[in-house]
Each structure stands twice: as structure tokens, then as C-alpha cells.
Amino acid sequence: MTAQDYTPREMMTLMAAREIRNGDIVFCGTGISVLAAAAAKKINAPESVIFFETGAVDSRLAELPIAVADPRVMHGAAAHGSLLDAFAFMQNRITGDRVIAILGAAQVDPFGNLNTTCIGDFERPAVRFPGSGGGCDVASFVPRCIAFMQHEKRKFVERLDYLTSPGGLCGGDAREAAGLRPGGVGVVITNKAVLRIDSGSRRLFLEQHYPGVTVREIVENTGFVLDVSRVREALPPTADELRILRQKCDPQRLILGPPASG
Amino acid sequence: MEDKSLPLGEAIDRYVRDGAHIAVGGFTLNRNPMAAIYEMIRRRIRGLHVYAHSNGTGVDELIGGGCVDRLEIAYAGNGKAAPTCIRFRKAVQEGQIAVEDYSNYMMGLRFLAGAMGVPFLPTLSGLGSDIAEKWGFSAEMRQRDPRLPDDKLITMENPFGAWGDASRVLLVPAVNPDVTLIHVQTADVMGTCRIDGLAFADIEQAKASRHVIVTCEVLAAPETLRGEPERNQIAFPHVSAVCHVPWGGYPTAVFRHYDYDAEFLRNYAAAAADDRRFREYQERWIYGVESHAALLEQVGGKRLAALTADPETGYAAHAKRG
């Protein structure tokens, strides 16, 4: 299989799906995150549970939702809770420790903190984004978070313009010292690579580059110093993974977008 | 039995004053009280202080309508049509509204605290984040205004020591709006409500509020709702006015009744990006129609029929959404 046979978006989705283990409860946002959760359920984690901050648990998703309040998350769910139920489910460790979350952001820093609020000064931002939503809550509560990012220098920054969702804060034991539970973003999946938090330094390092993407290209598109000493090439999607993703998960390509041209 | 049914315009006139503190129900593109939102815009209500969690469609229309001065919010996005709500973004970037940022759980807890009658509730969310550190409303503004708590949030040591496996907690202040506006599937004239599908934070928002204006798809006999009280979430003492407005959530979705209108939301987003086109949009869909019924007539029966929910799924299966 060559690089032209699939799109970076398909690769990102499948790399995230591979992070999901059977039995995980997957907290989904919109867009590519719900697609990754749906793909995992159909490929490698059939007993995983898709869960939304709006309170739907184990939604059937006969069609893909375009927002977490889409009525498509309501159909066939095990139960409908409230917003408060959904966050309590993650704040309490009994259920919260089983949750893996998938988040997006405008900026990420070396410690896996996320910004979804603004670029520039908070009081008069150059660009305003939607804000935390449930992102800050989830990143505070659950042990495993995946962040999806487009790999651009302006998005991988040494210092965030606004720290919306806590990862390792300023590194070391800062997260625990602030009173947060262990957790936050542990892996960042981009259109070029997979970055993971090192358990010692608590910083992101380059773990995998996608086939056809050079390490140099990744470093040039990262705005902070990146340890590349352990990098390996990611396994490309298998024909089965691609077939299930395209045919069973997003046949209308609502989220996948245009197919590969090759 | 007190009959609280009112035409929507009268309910707005009676309870929503300029400068009121309000909350609106729903979530992004679902069950927003859109008929009530459009009526507030049509009546040119000004100076609102809005409490929101993720109320995409409705809050962006209110901001675009010039109704909002201050906003306390967790998330201003609206699904695929507008990852960041467009009039919201413009108003914040141009400094036209004051914004205080919270998270969804924090806003939910603030409504719950208001509903419980306690001054604050604790959470483990947001410790060490800029949500806890940076204030949109200054300390001076807070001290001047008796309707605002002096602090945005307070971080404190766990007063129970290590109990509950937490060293610190973040305290979020209660919210008690003057008016909450919600749209539900079914209500009776006394104000008892039944919500089908996800309730979001509507119940806490309603219970925290001095007045609640309910719009409903179906106005049912009280005996019908009392036949299955376990399915009702809001009892009549919370409610001030009930307005029967079929399709009152349009263009957002109402589970088991109709889907969101993806085309309307997309057209809104396109218009919202340009001031001239946005005024044209408002003239056509808000100021130029006298009521929600007239707006719906302009949308047309054929388009509405295509959005009607399928009885099995609760949404319009196979609707064109791309």
C-alpha cells in the first residue's frame, strides 16, 4: 500500500482508533473524534462504549452525528443523562478511570496542555475560538486523553496563549501539585505523526512518523524542541481498516472529506 | 388550576426586560428555544446578561441581534456549520460584549447550585488552568455589580483533608437567572414539562430561575402528563408562562419531532460572516416576519416535512446534511 492510497485524515482516524482498547469508554467530541471511536468499535474494540458530554451513553450511531447534541447520539443509547451526569461519570473514579477521551485544540504545548479559547490576549483576542466546552473538565478528570491536531508550527507552541484544558501544566509534578488527578493528554495524533508524553520528562516526544513523512518535515512544523531519538515509522492502514472506515463508518464522507486522488 | 398559557410575545414582554439576566436551554443545534430567541430579537431587547453552557444557535442569534452585553459561557460553537459561532467571535474580537469563560461542567454546576439554593459547589475540574486564573469580568466590575459574585472561581484546599482523594477543589459560584427560556416537547397550561431525549442542563437552568418561559411542541392536558409523572422533569411551580409554539425549536432539532435544518444553519453561517448579508438575513427571517409561524411559512411545508423525525430513530434518517 503506498501513501497515495489513503488520506492523512484517514490515517489520523485509524491511528486514534488503534489507541482504543476493548472495553474502554470513549468520550467523543465531534468530527474526526467520533469517527475514530466508531472505527475502533468496528475494527479493534467491539466492546468499547461511545459516550458524549451531552449525556448519551453507548449511542448506536446509525448515522454520524455532526455535533454532540445531534439527535443521532440519542437514538438507541443505553440511557440519557444530563450534562451534569455526563461529567460526574468522568469525575468519579469508578467510571472515570475507564474513560479515554478524544479532544481537538487550536494549540498544544510540550506538556500536552490545550488551548481552545483564543489566540492573542484573552481580553481582546486576535482570534476567538469556542472555548472549553467540556474539554477542560475531561482533561482534568480522565487518565487517558488523545488530542487531534493539524501539524503546523503555529499550533505546536512552547507557550499557549490560553491554557484551557490541563495536561502536565508546566511539567514535573505540576499537575498533581495543582490538585489534578494523573491524566490529561498522553498522545497527540496529527496529520503527519504521533507524539507521546514521556513518563520521565513529561514532555511530548516524536514516537511515530507516517509513511512518506520525514522526521525533518515534522520537526520543521513543530514550534518547540522535539525529542526524535525514539522515532519509528507508523504501520500504514491495512486494507481491512480502510474498508471498514470508508464503507461502514463514514460512507457519505461527512467527516473523511474528499478521497485520496491516487 | 392556574392557566399560565400566553402568546409568546406577551410572555417576553412580561418577563424579559432590558438588562435581564437570562439563561436559554438546549445545546448547540438541539432544542434551542428559537421562537423565543427570535421574538426577543424582534422586540429589540437590549443589555442582556446571558448564562450559557454550549448554547450555539440561539446565543449566536441573540448576539447578532444586538441583545447581549455580557455573556458567561463554556462553548460557542455550532457543529459543522460553525466550529466557532460567527457573530460571537466577531463581537468578542471587536470588544462589543464582555465574556467570562467557564467549562460546561462548571456552568452546569452553577445552575445546580442556584437550583439548590447554595452559594457554590466544588469540582475537581480546571485546577491550574487559565479558566481559573484569567478573568473576563474585572474585580472592579464584579465589586460594582451586586448581581455578580466578587470572584469568578475560588481554588481551595480540600477542607476534609485527603478525604475523597483530592487535595484541592475549585468552587464555582451559583447562578440564579431572572428568566430561563426553554423549548420542550410537551407541557400543560400549568407549566409541567416533559422533555424527550437528552435534557442537557435545561432542568437545572429552569429550577435555578426566578421565572421560566416554556415553549412547547404539544400542549397536553394536565391529566395526560399526570398519567405518567415519572416522565416529567419540571413541575409547574417553577414555571411562569407556557406558550404553545409548534416547531418552536426550528432550525434546531427536537428529538422525536424534527431534525435540525442543516441548510438553514449553513446559510446562517455564511450570512453571519458578512455584516451586510447578515442584516439581509435578519430582515428576511426575523424582522420581516411577524411571528415564528410566519417564519415557518416562509421556510415552506415541503422543507419542514423533509425534517420530520422518523418514529423509530427520533431524527430525519437519510436527511441531506453534507
Side-chain angles (χ1 to χ4, degrees), chain A residues 30-31 53-56 62-63 65-76 80-84 87-88 91 93 113 115 117-118 122-137 139-141 160 162-166 169 174-181 252-254, chain B residues 26-30 53-54 56 73-80 83-85 88-89 92-93 95 101-106 108-109 112 123-131 134 136 155 165-169 197-201 203-204 253 255 259-260 262 309 313-315 317-318 321-322:
Chain A
T30 47
E53 68 184 289
T54 44
E63 293 184 11
I66 61 162
V68 294
D70 193 310
R72 285 154 189 79
V73 310
M74 300 185 192
H75 167 59
H80 284 174
S82 65
L83 221 57
L84 286 171
F87 291 109
Q91 186 171 232
R93 304 197 87 151
N113 303 298
N115 173 11
T117 302
C118 62
F122 170 69
E123 285 176 25
R124 193 68 184 268
V127 184
R128 175 66 210 214
F129 296 112
S132 160
C136 171
D137 307 312
S140 299
F141 299 153
L160 302 176
Y162 187 99
L163 195 165
T164 316
S165 302
L169 298 179
R175 183 179 168 99
E176 290 73 20
L180 292 164
R181 285 169 180 166
Q252 295 175 277
R253 299 195 76 88
L254 273 176
Chain B
F27 197 105
T28 59
L29 42 66
N30 204 307
H53 43 85
S54 295
I73 193 166
Y75 184 79
N78 208 17
K80 209 178 165 189
T84 302
C85 289
F88 160 82
R89 165 177 275 178
V92 177
Q93 289 175 190
D101 270 70
Y102 290 93
S103 70
N104 270 340
Y105 193 44
M106 293 173 200
L109 288 172
L112 178 62
T123 174
L124 303 181
S125 176
L127 294 159
S129 73
D130 278 343
I131 296 178
K134 294 188 179 176
T155 300
D165 202 16
S167 59
R168 285 186 182 168
V169 290
L198 294 167
F200 310 120
I203 300 165
E204 294 80 17
F255 190 56
D259 220 322
Y260 50 87
T313 60
Y315 57 81
H318 313 299
R321 298 181 293 138

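Chain naming here is simple, since letters A, B, ... match the order of the sequence lines and numbering starts at 1 in each.
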CG on B:Leu127 to CZ on B:Arg168, rounded to 0.5 Å:
7.5 Å
Rounded to the nearest 0.5 Å, how far does OH of B:Tyr75 lie from CG of B:Asn104?
9.0 Å
Name the region of [X], side chain, backbone, both or neither, that has any atom closer than 4.5 Å to a heavy atom of chain B.
X	result
A:Phe141	side chain
A:Ser165	neither
A:Ile66	both
A:Phe129	both
A:Val127	both
A:Ala139	neither
A:Ala174	neither

Which one of [options] has the most heavy-atom pairs closer than 4.5 Å to chain B?
options	result
A:Ala62, A:Pro71, A:Gly76	A:Pro71
A:Ala178, A:Gly131, A:Ala88, A:Ala67	A:Ala178
A:Gly133, A:Cys136, A:Ser140	A:Gly133

With respect to chain A, which residue among [options] yields the maximal number of heavy-atom pairs within a distance under 4.5 Å?
options	result
B:Ile131, B:Leu29, B:Thr28	B:Ile131
B:Asn78, B:Asp101, B:Leu112, B:Val92	B:Asp101
B:Gly126, B:Ser103, B:Ser54	B:Ser103
B:Thr313, B:Leu198, B:Thr84	B:Leu198
B:Gly79, B:Ser167, B:Gly95, B:Ala199	B:Gly95
B:Gly197, B:Ala253, B:Gly56, B:Gly136	B:Gly197

List the residues meeting side-chain contact (heavy atoms from CB on, under 4.5 Å) with A:Arg93, not counting sequence neighbours, and say none if there are none.
A:Asp97, A:Arg181, A:Pro182, B:Asp165
Which residues share a side-chain contact (heavy atoms from CB on, under 4.5 Å) with A:Arg72, sequence neighbours left out
A:Glu63, A:Pro65, A:Asp70, B:Asp259, B:Tyr260, B:Tyr315, B:Ala319, B:Arg321
Under 3.5 Å, is there a donor-acceptor pair between the side chain of [X] and the main chain of [Y]?
X	Y	answer
A:Asn113	A:Leu169	yes
B:Arg89	A:Arg128	yes
A:Asp137	B:Tyr105	yes
A:Arg175	A:Pro166	yes

Any side-chain heavy-atom pair of B:Tyr102 and B:Leu109 under 4.5 Å:
no
Can you confirm whether A:His80 sits close enough to B:Phe255 that some side-chain heavy atom of one is under 4.5 Å from a side-chain heavy atom of the other?
yes
Report the C-alpha distance between A:Gln91 and B:Thr123 in whole Å, list the side-chain angles of each, state the deciding distance to 0.1 Å, and finish with yes or no for side chain to side chain donor-acceptor pair (under 3.5 Å).
CA-CA 8 Å; A:Gln91 186 171 232; B:Thr123 174; 2.9 Å; yes
What part of B:Ala309 gets within 4.5 angstrom of chain A, counting heavy atoms only: side chain, backbone, both, or neither?
neither
